[in-house]
Amino acid sequence: MALTGRDLVSILDVSNDEITLVLDTAEQMATALGWEESTEQQPLAPLDRILATLFFEPSTRTRMSFESAMLRLGGSVISMADAKASSAAKGESLADTARIVSAYCDIIVCRHPETGSAQALAEAASVPVINAGDGHNEHPTQTLTDLFCLRRHKGTLEGLRAGLCGDLRYGRTVHSLAPALARLGCEIIFISPPALVMPEEVTAKVQELGGAEPEVTDDLPAALDGLDMLYMTRIQQERFADPAEYKKYQGVYVLDEKLMKKAPEDMIVLHPLPRVDEIALEIDDDPRAVYFEQARGGVPVRMALIALLLGIVEETQSGKHSGLVEP
Ligand code: NCD
């Protein structure tokens, strides 16, 4: 199940075993980063590889955690600072951009507003391409980050009961997460306003992969019962053609102290962030609210993914370069 040289466009490009490999490798990266009390951060040694980030949409966590991950591995990063400043603004196709950028780097991370853009890029590029979000379609590395956090807290990924809440129609994170959870044998409950339900094609994938029919509701308080994980998402304002339509759903779900009192004691709350108003600030200190820790995991997870796609995990483990020296 070598991941070397492969692309990651959809979460279903990787099997359950390959997800486990990424998460296990991410645990090693976390150790090398000094996450465990018993270990200190290892010093960096240079890695002669370049990661290129092509972000045609806003990003804070994804882009910075990818860049941080490559730098932590000892590699270098080149970035298209702003899509408006690139040749896309002159009409260059994504395929041509992919061919050109492939000549300048060893691996590409791309975010673009159109569904299918990552696939188009991957087909034209001669180096591995990682989808960091293609419109409202998918965001597979967020799912790996989510699963890393979930496994750390629950000790397993299998057979959990997961509630996915918010804008399931336009939220790409849940379009990657739901099929992954289904394939892991989790029970899934979709919680959204009727107009923002999970797209049919994602529901069909979930049914096919998980066998079980996902439950569907718009009632967040009632859905909390028995959950191992609640995954909150923001209403995706930028995907609404009509701003008045967005206004209708703004604030439709707010997870607050009152709801957390009703929630199971061992239910963790995840959120891909950014948060708008769907999680009240008052619950940030609740030990079940793990979204900031979840975001922090983006670095070791992306270090693991980059190292696996570049085929340098053994090198990193033997300490041939970078700080990832065996203790
Ligand atoms: C998400 C995204 O870009 O889809 N953000 C992220 O990468 N952590 C979620 C969002 O924007 O709501």
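Remember, it's 1-based here, ligands and their atoms both numbered in the order they're listed.
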Numbered atoms of ligand 1 (with element) below 4.0 Å of T62, judged on heavy atoms: 6 (C), 7 (O)
Any donor and acceptor pair, going by atom type alone, linking the side chain of N131 with main-chain N or O of G133 inside 3.5 Å? yes
Check whether any N or O atom of R111, backbone or side chain, sits under 3.5 Å from an N or O atom of ligand 1, and answer yes or no. yes
Residue R234 vicinity, atoms of ligand 1 by number, heavy atom under 4.0 Å: 10 (C), 11 (O), 12 (O)
Which option wins on minimum heavy-atom distance to atom 8 (N) of ligand 1: S59, P272, G135? P272
Going by an N to O cut-off under 4.0 Å, is there a salt bridge joining E245 and K248? yes
So, 4.0 Å and heavy atoms of P274: is ligand 1 close enough to count as a contact? yes
Is it true that E57 and R239 have a side-chain N and a carboxylate O under 4.0 angstrom from each other? yes
Within 45° of the axis and under 6.0 Å from the centre of the six-membered ring of F66, does NZ or CZ of R302 qualify? yes
As an exercise, identify every atom of ligand 1 less than 4.0 angstrom from a heavy atom of L273. 1 (C), 5 (N), 6 (C), 8 (N), 9 (C)
From K205 NZ over to I11 CD1, what is the distance, rounded to the nearest 0.5 angstrom? 10.5 Å
Looking only at side-chain N and O atoms, does H153 offer a donor or acceptor that is under 3.5 Å from a partner on E293? yes
What is the distance from atom CD1 of I188 to atom CG of L177, rounded to the nearest 0.5 Å? 7.5 Å
Any N or O on R172 sitting closer than 3.5 Å to an N or O of ligand 1? yes
Against heavy atoms of Q236, which atoms of ligand 1 measure under 4.0 Å? 10 (C), 12 (O)
Ligand-residue contact atoms, ligand 1 with H139, heavy atoms, under 4.0 Å: 2 (C), 4 (O), 6 (C), 7 (O)
